[in-house]
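Everything on this sheet refers to the single structure shown next.
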Amino acid sequence: MTDFAPTCPPRSLENAVEDHFIPAEASWSGVVRKGQTIRIEDSYGQQAIDTLFYRADDFAERYSNQDTMRAQTGAYVGIGTKLISNEGNVMLTMTADSCGRHDTSAGACSCESNTVRFGHGAKYLHACRDNFVLEISKHGMSKRDIVPNINFFMNVPISPDGKMTIVDGISAPGDYVELVAEMDVLCVISNCPQINNPCNGFDPTPIRVLIWDAVTHIGA
Amino acid sequence: MMHIRRSPEEIAANRARYEDHQKKGLEFAPKALPAPSPLPALPISADAIIHQETIPGSWYWSTKLLRGEAIRIDQAESNSTVALVAWNAHDTSERINLVDTVKMQWTTALGKGRVIFSDMGRVMFSLIEDSSGANDCLMGGSTAASNAAKYPGVKTRNTRDNLILVACKLGLDRRDIAGVLNLFAPVSVDYAGGFAWRGKRSNSGDYAELRAEMDMLVGFSNCPHPLDPDPIYQPKPVIVTRFRAAAPAADDLCRTATAEAIRGFQNNTMMLA
Ligand SMILES: [Zn+2]
């Protein structure tokens with residue numbers, strides 16, 4: 001768990017260079033340039049935001065959950081976590097987090113995994129992997145390119161005996177994370193449509209994504 | 001922003017359904033699962049053995065594995081971690097998926113009686129024997145950088161590069177490696193999510209047997225785990241035996257231990273139909 005760290009005052013809604021509203025269940029992708037800060041806001045609270053990152057000029061280099069967990073010798077993502085690629089490079093660093101708990105060991109929902117988790121009656125329900133497939137197809141990628149992701153605002157505690165379960169999110173309306181890009185990255189988001197587990201309170205809600213340019217006087 | 005909330009009745013019905021699955025997953029399944037396999041391993045009958053390979057410390061290997069065959073991974077001289085990846089032999093876009101594997105079985109403790117899933121909701125492996133009870137699905141393997149930090153000044157091989165070699169020799173590439181399963185790696189997770197190496201590495205002669213539930217390509221890397229406490233880089237050889245497994249009985253442990261495994265095998269059956 002990490003302490004609350006507010007965003008730097010010079011970042012305001014007025015000076016954001018991008019501001020995206022992502023409806024409940026929808027997907028989004030966009031490029032975050034090195035030095036820019038991306039804020040992912042859980043506007044209504046308790047919404048899991050499944051996210052992947054790809055190096056913008058080489059999609060074969062992408063977010064790696066195992067490398068990220070190994071690099072910090074821990075399972076959860078919070079302030080200071082460096083998101084590591086499959087090539088061992090730092091893609092982004094989390095610089096603000098008003099929530100305190102994010103998952104990277106439970107992956108995204110899919111129609112196929114839902115049949116195993118909830119029965120075959122759950123097969124034909126909108127799922128994150130379908131969002132990811134549609135979104136990355138716009139960039140010339142396919143299912144093969146989908147790897148284990150980060151679930152911002154999803155609470156997946158792991159017990160010392162190994163037990164793992166998705167429990168109610170702890171994020172409040174307006175909670176957000178900020179990440180500063182350490183390389184140019186393509187960010188791909190699935191605003192999780194899952195209604196079979198409590199990752200979004202069984203009620204998917206909209207989110208917001210904002211991007212700011214590096215401002216040299218911030219923190220000076 | 002406009003958003004219309006789902007009704008409290010819909011939400012309550014879904015919550016009740018989830019809590020029912022959760023209760024079964026967390027409370028019922030572990031009781032149906034056995035203790036680790038006993039040591040020493042029983043010999044495999046000679047006429048069932050298809051191939052035996054000794055992977056030297058620090059090296060890699062790959063094999064085709066057909067449905068109904070199995071592999072025994074045997075720590076001949078103890079104290080080795082074996083990283084494993086797998087692809088569906090007929091469609092390599094289907095591959096081992098550890099995040100689904102742990103989420104669907106409600107546990108990161110993958111031992112005897114559990115199964116390993118692909119990203120398509122199908123069972124790739126049944127863990128029919130496992131003496132260590134200590135397999136890590138979270139941390140991944142070593143890399144050139146992690147070895148350089150841990151063994152400064154020492155020339156080493158690492159799991160990341162080994163598995164890129166495996167993938168490329170199979171006509172795949174680095175995009176096709178999306179996580180590795182570490183056999184014989186007693187990684188513990190504390191309540192804050194911190195990883196630690198639990199006690200000694202493993203027993204001499206520890207082994208695991210994985211039965212193939214679809215035709216697969218399987219890759220192995222035999223390098224020290226990133227948390228291995230030995231400060232000296234000295235991975236030992238491991239023996240991998242590919243053999244014809246006994247046909248699963250109707251009450252086969254791995255196929256019946258959990259509701260999730262039963263549904264996963266139903267998905268396998270649909271693929272074969
Ligand atoms: Zn989802």
Side-chain angles (χ1 to χ4, degrees), chain A residues 1 21 23-24 43-44 59-62 64-67 69-71 73-76 86-88 105-108 110-120 129 142-149 156-166 195-198 201-206 208, chain B residues 1-3 5-6 10-12 14-15 17-18 21-22 25-26 92-93 97-100 102-104 106-110 117 119-122 137-141 143-146 160 173-180 188-196 226-227 260-261 263-264 266-267:
Chain A
M1 302 290 262
F21 168 81
S43 309
Y44 286 69
F59 292 153
E61 180 169 0
R62 67 278 301 271
S64 166
N65 74 324
Q66 287 190 336
D67 286 281
M69 289 191 278
R70 191 193 63 248
T73 329
Y76 307 123
N86 59 343
E87 299 296 334
S105 50
S110 70
C111 298
E112 293 77 18
S113 67
N114 282 346
T115 67
V116 175
R117 299 180 69 203
F118 306 114
H120 287 89
R129 195 173 65 189
S142 70
K143 175 177 99 69
R144 176 185 181 192
D145 296 288
I146 294 171
V147 292
N149 58 291
V156 188
I158 303 170
S159 299
D161 65 359
K163 269 185 198 167
M164 175 196 238
T165 179
I166 299 172
I195 52 160
N196 290 296
N197 75 46
F202 305 94
D203 182 23
T205 49
R208 187 175 190 177
Chain B
M1 278 194 253
M2 286 296 296
H3 174 66
R5 290 276 186 185
R6 298 174 76 238
E10 286 174 300
I11 291 172
N14 278 317
R15 180 177 293 281
R17 191 160 161 269
Y18 177 74
H21 284 299
Q22 185 183 42
L26 292 177
T92 52
S93 78
N97 188 307
L98 295 164
V99 291
D100 278 0
V102 300
K103 177 173 59 182
M104 296 194 291
W106 309 86
T107 185
T108 61
L110 301 176
F117 282 93
D119 62 298
M120 294 298 282
R122 291 189 277 250
C137 53
L138 296 172
M139 277 192 72
T143 65
S146 75
R160 172 76 188 155
D173 68 32
R174 59 192 169 135
R175 292 181 296 160
D176 297 295
I177 302 163
V180 306
S188 65
V189 185
D190 65 25
Y191 283 105
F195 298 147
L227 283 184
E260 289 78 15
R263 289 193 289 266
Q266 287 169 349
N267 288 342

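Residue numbers begin at 1 in each chain, while the letters A, B, ... track the order of the sequences.
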Residues B:Asp119 and A:Arg129 bridged, charged N to O under 4.0 Å: yes
Chain B contact via A:Ile166 - which portion, at a heavy-atom distance below 4.5 Å: both
Residue part contacting chain B, namely of A:Pro160, when any heavy atom lies under 4.5 Å: both
Side-chain donor/acceptor of B:Arg263 to backbone N/O of A:His120, under 3.5 Å: no
Residue part contacting chain B, namely of A:Pro204, when any heavy atom lies under 4.5 Å: both
Any donor-acceptor N/O pair, A:Thr73 side chain to B:Phe195 backbone, under 3.5 Å: no
Side-chain donor/acceptor of A:Gln66 to backbone N/O of B:Ala178, under 3.5 Å: no
Between OG1 on residue A:Thr115 and CG on residue B:Asn267, distance to nearest 0.5 Å: 4.0 Å
Region of A:Asn149 in contact with chain B, defined by heavy-atom distances below 4.5 Å: neither
Ring geometry between A:Phe118 and B:His21 (parallel below 30°, tilted from 30 to 60°, perpendicular above 60°): perpendicular
Proximal component of A:Ala108, with respect to chain B [non-hydrogen, under 4.5 Å]: backbone
Short N-O contact, B:Arg160 and A:Glu87, less than 4.0 angstrom: yes
Under 3.5 Å: donor-acceptor pair, side chain of A:Arg70, backbone of B:Gly141: yes
Any donor-acceptor N/O pair, A:Arg144 side chain to B:Arg175 backbone, under 3.5 Å: no
